[in-house]
Amino acid sequence: MGTALVYHEDMTATRLLWDDPECEIECPERLTAALDGLRQRGLEERCQCLSACEASEEELGLVHSPEYIALVQKTQTLDKEELHTLSKQYDAVYFHPDTFHSARLAAGAALRLVDAVLTGAVHNGVALVRPPGHHSQRAAANGFCVFNNVAIAARHAKQKYGLQRILIVDWDVHHGQGIQYIFEDDPSVLYFSWHRYEHGNFWPFLPESDADTVGRGRGQGFTVNLPWNQVGMGNADYLAAFLHVLLPLAFEVTVCLTLSWCWCQPDSTLLLGTLRGRCRPPLSALPISHSCCRCWLVAGFVLCWSALESIQSVRTAQIPHWTSLQQMTVTLNCLDVAPVLSSSTHSPEGSSLPVLADSPTCTVAEDSLSPRLDRPCHRPTPPICTAVALTVSGAALDLPPGVLHQEGSALREETEAWARLHKSQFQDDDLAALGKSLCLLDGILDGQIRSAIATTTALATAATLGVLIQRCVAHRGQRLLCVALGQLDRPLDLADNGRILWLSIRGKEADIWSMFHFSTPLPQTTGGFLSFILGLVLPLAYGFQPDMVLMALGPAHGLQNAQAALLAAMLRSPVGGRILALVEEESILQLARTLAQVLHGETPPSLGPFSMASPEEIQALMFLKAQLEPRWKLLQVAGEAHRGEGVALF
């Protein structure tokens with residue numbers, strides 16, 4: 001399965017026939033520019049190109065009234081003056097003799113893409129459409145939109161394929177009120193929109209575009225509006241919205257299909273490249289501009305106070321309707337009660353360690369990061385997407401199509417040299433596995449492999465991990481995020497200089513040795529595990545901006561297949577897919593195929609029914625966040641906006 005690109009050149013036929021400054025932006029060049037951008041980057045040829053077909057009147061009727069469909073159909077025979085008169089009956093709309101044909105093609109493109117995805121012909125895709133659709137309503141055109149393409153596609157997916165959990169993510173600058181009106185009482189469709197609002201002073205100037213509009217009837221909670229009230233929201237603001245609003249709800253509802261809407265040429269190019277498996281551009285390399293008066297610079301991100309207020313407003317409005325948000329909202333006095341936590345932070349030697357934002361370690365880390373934020377670090381797509389080096393037969397694991405079973409190994413002399421340097425003893429079988437692991441790691445570091453899985457024996461897992469870390473650090477000053485699960489200790493000879501962020505998931509207590517070295521228990525509930533990923537791991541990963549991730553599953557790691565897959569899938573994003581998973585061989589038969597699938601871009605399996613995080617899990621997470629917030633500002637995103645109100649969010 002690949003990525004589909006759905007398009008039809010007839011969608012460029014309509015053009016404004018009279019002077020109208022408000023509507024002149026809706027021109028054919030918006031669509032052709034998007035297609036030209038895809039072609040220049042070689043993306044079109046890498047996709048499965050599908051031609052859009054006109055949606056039938058029956059399909060349009062899934063959303064629109066027969067009278068409205070007939071009205072739009074009549075525009076084919078109207079003259080210029082009649083078209084102008086009809087257009088003035090709607091807000092920011094113009095009609096053309098080819099509007100009906102183009103709008104049917106736009107809706108048909110969305111339907112063609114949904115069919116391709118849900119029949120398994122492709123994994124994902126992009127439909128380039130014109131006219132747009134998210135403002136149009138059951139019996140009215142609005143905001144350049146004639147037929148509501150995304151809403152029609154969602155209704156089609158429900159009717160033809162029986163889907164009952166559809167997520168619509170609307171990231172256009174304007175609120176898609178048309179989609180909201182259509183599904184506001186439908187609990188099978190979760191509509192999420194972030195949009196420029198400016199306290200109601202930005203088009204479409206609707207009070208129902210604000211955070212307190214949550215749907216009605218059985219659909220309460222399934223309309224989620226995140227209004228941006230200041231101009232120029234940056235990467236951290238959108239990231240915070242993902243982590244603290246969108247992803248918790250999406251995981252709780254267990255989405256079957258995601259439909260995304262945006263009307264912007266650069267976004268379509270980046271989006272299609274990401275769907276096709278290209279490493280996404282680093283967030284620090286994307287433009288950031290703010291007009292907010294109160295912002296924090298955080299490892300290349302700018303956090304806007306107004307964005308924090310908007311996120312808090314959304315969460316407050318949605319808490320009555322979502323278990324995941326209820327469990328993630330606790331009073332600050334929870335931090336004073338931690339019966340299962342260590343009583344103090346400490347170093348491995350037992351000496352006291354102050355956890356302060358202005359500690360020498362933090363200063364060194366910030367200084368070393370600064371030049372990285374100023375230089376673009378776009379990487380070409382590696383020729384190998386995912387590779388696996390195994391100590392057991394690859395055929396026995398039934399690896400997914402396209403995953404390379406790597407047989408190569410580092411030279412014996414080089415392998416032995418790294419083993420000696422690490423001062424560890426390896427048996428012959430362990431050295432062979434280490435050589436394969438080094439070969440995979442070098443492939444990732446040299447840009448030949450995007451992600452990989454390597455196996456090792458249980459006794460050699462810690463030593464192998466230590467060698468891989470040293471090899472990473474020695475390669476052009478790589479910054480490494482190491483997530484160690486199970487009985488794996490941080491090597492004592494690693495300098496705590498901000499180059500390595502070590503997160504250990506083990507034991508029953510949360511411990512902190514430094515701002516770059518800490519541990520947490522493995523959550524046992526679904527809610528606790530999701531809170532752990534969204535509230536701790538991902539904010540740290542995005543704030544740290546590593547070059548790659550080492551994810552090591554050591555002895556007694558305790559992860560279920562679905563948990564390991566979700567953790568690996570989520571860790572791919574901050575590093576553009578550059579992740580090496582090290583798995584001890586006793587677990588490999590269970591995990592190899594699942595990990596290979598998600599590293600290759602497949603959807604991770606479901607975690608199962610949602611269950612609330614336990615009090616112990618909440619306390620452990622709150623303890624870590626309270627200690628780490630001075631250095632890792634993305635952990636403050638929700639709590640900082642309302643410190644004075646006694647509420648902290650994670």
Side-chain angles (χ1 to χ4, degrees), residues 282 284 299-300 347-348 359-373 375 377 379 382 389 410-411 413-424 426 431 433-452 454 456 460-485 488-504 513-519 540-552 554 571 574-582 631-632:
S284 59
S347 67
S359 67
T361 298
C362 296
T363 303
V364 172
E366 293 288 358
D367 292 343
S368 64
L369 180 59
S370 298
R372 292 165 46 83
L373 303 178
R375 72 172 188 265
C377 50
R379 302 184 181 99
L411 295 175
E413 295 80 3
E414 181 184 2
T415 302
E416 291 177 346
W418 277 107
R420 287 195 303 270
L421 182 63
H422 190 65
K423 301 178 182 178
S424 300
F426 289 86
L431 280 175
L434 176 62
K436 290 185 177 182
S437 299
L438 286 170
C439 186
L440 286 179
L441 178 62
D442 287 345
I444 295 175
L445 295 175
D446 294 337
Q448 299 302 304
I449 301 173
R450 186 176 64 183
S451 60
T456 181
T461 303
T464 301
L465 178 59
V467 170
L468 296 178
I469 292 173
Q470 294 285 10
R471 178 71 183 91
C472 283
V473 174
H475 188 278
R476 302 174 186 172
Q478 297 282 295
R479 292 169 58 86
L480 180 66
L481 169 59
C482 185
V483 180
L485 297 108
L488 294 172
D489 293 323
R490 187 180 189 274
L492 296 177
D493 56 350
L494 291 183
D496 193 13
N497 59 4
R499 292 288 181 186
I500 300 169
L501 176 59
W502 178 283
L503 171 59
S504 178
W513 285 266
S514 79
M515 284 292 160
F516 297 89
H517 179 198
F518 36 88
S519 69
L540 291 172
Y542 279 107
F544 184 57
Q545 293 193 325
D547 293 293
M548 72 169 293
V549 170
L550 274 178
M551 174 180 165
L571 287 172
V575 290
R578 286 162 54 94
I579 177 171
L580 174 60
L582 183 66
R631 168 58 178 83
W632 303 104

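Just so we're clear, the structure is a prediction, and the values are computed from it rather than from any experiment.
- The side-chain contact (heavy atoms from CB on, under 4.5 Å) with V549 is formed by just one residue from the set L480, L571, L580; it is L571.
- By the 4.5 Å heavy-atom criterion applied to side chains, S437 and T456 are not counted as neighbours.
- Atom-to-atom distance recorded for D547:CG and L481:CG is 11.0 Å, nearest 0.5 angstrom.
- Closest of all the heavy-atom pairs between R479 and Q545 is NE-O, 3.7 Å.
- The ring of F516 has its center closer than 6.0 angstrom to the ring center of W632.
- G554 and T461 get closest at one heavy-atom pair: CA-CG2, 4.0 Å.
- I579 contributes atom CD1, which lies 14.0 Å from atom CD1 of I449 (distance to the nearest 0.5 angstrom).
- Formation of a donor-acceptor pair under 3.5 Å by the D446 side chain with backbone atoms of Q448 is not found in this model.
- Pairing each heavy atom of G435 with each of T415, the nearest pair is CA-OG1, 3.5 Å.
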Would you sort out whether L445 and R578 count as a side chain to side chain contact (heavy atoms under 4.5 Å, CB included), showing the intermediate values? CA-CA 8 Å; L445 295 175; R578 286 162 54 94; 4.1 Å; yes
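- Scanning all heavy atoms of the two residues, the minimum distance from W418 to L438 falls at CD1-CD1, 4.0 Å.
- Contact annotation: the side chain of F544 never approaches that of I500 to less than 4.5 Å [non-hydrogen atoms, C-beta and beyond].
- One distance of note links CH2 of W502 with CD1 of I469; it measures 4.5 Å at 0.5 Å rounding.
- Partner L582 forms a side-chain contact (heavy atoms from CB on, under 4.5 Å) with one of L440, L488, T464 and no other, that one being T464.
- Taking NZ of K436 as the reference point, atom CG of L431 lies at 13.0 Å (rounded to 0.5 Å).
- Residue C439 holds its SG atom at 11.5 Å from CG of L434, rounded to the nearest 0.5 Å.
- Here the OG-CE distance, from S451 to M551, works out to 12.0 Å after rounding to the nearest 0.5 Å.
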